[in-house]
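Please read the structure below before turning to the comments.
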Amino acid sequence: MVQFLVVDDDPACRRLVEQYLQPLGQCDLAHDGHEGLAAFRMALDRGQPYDLVCLDIMMPGMNGYDVCRQ
């Protein structure tokens with residue numbers, strides 16, 4: 001099964017992207033960069049990495065660029 005991760009601090013944007021992706025596979029959501037990075041690492045540890053990560057760039061705390069660097 002295809003797995004997606006959507007990381008966005010805007011709930012409306014998260015829901016919109018989830019609605020588009022959900023028919024295509026499993027869609028996990030994260031509300032900020034820290035939560036997204038934790039979900040990404042857990043998926044790697046399980047040996048089931050995400051096939052696609054939709055990452056917002058402008059988020060408070062840890063922005064999308066910081067998440068990518070990690």
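Note that the numbering runs from 1 along the sequence shown for the chain.
- With values rounded to the nearest 0.5 angstrom, Q48 atom CD is found 11.0 Å from M1 atom CE.
- Cluster membership for V2 and L21, using ILVMFWY side-chain heavy atoms within less than 4.5 angstrom, is shared.
- Atom-to-atom distance recorded for Q3:CD and R46:CZ is 6.0 Å, nearest 0.5 angstrom.
- Here NE2 of H34 is found 9.0 Å from CD of Q70. Values are rounded to the nearest 0.5 Å.
- Taking hydrophobic clusters as Ile, Leu, Val, Met, Phe, Trp and Tyr residues chained together by side-chain heavy-atom distances below 4.5 Å, L55 shares a cluster with L44.
- Hydrophobic clustering of Ile, Leu, Val, Met, Phe, Trp and Tyr side chains at less than 4.5 Å, counting indirect connections, unites Y50 with V67.
- The closest side-chain heavy-atom distance from L29 to E18 is below 4.5 Å.
- Between G61 and D66, the shortest heavy-atom distance links the atoms O-OD2, 4.4 Å.
- Contact record, D9 with P60: OD2-CD, 3.4 Å, taken as the closest heavy-atom pair.
- Within the 4.5 Å cutoff, no side-chain heavy atoms of R14 are placed close to those of D10.
- Put simply, the side chain of N63 does not reach to within 4.5 Å of the side chain of I57, judged on heavy atoms.
- Note that the CG atom of D51 and the CG atom of L5 stand 11.5 Å from one another [nearest 0.5 Å].
- With a 4.5 Å cut-off on side-chain heavy atoms, L24 and F4 count as touching.
- Hydrophobic cluster membership differs between M59 and V17, with clusters built from Ile, Leu, Val, Met, Phe, Trp and Tyr side chains linked at under 4.5 angstrom.
- A distance of 13.0 Å separates CG in D56 from NE2 in H31, rounded to the nearest 0.5 Å.
- Atom SG of residue C54 and atom OH of residue Y20 lie 12.5 Å apart, to the nearest 0.5 angstrom.
- Side-chain contact between F40 and V7: absent, with no pair of heavy atoms (C-beta onward) separated by less than 4.5 Å.
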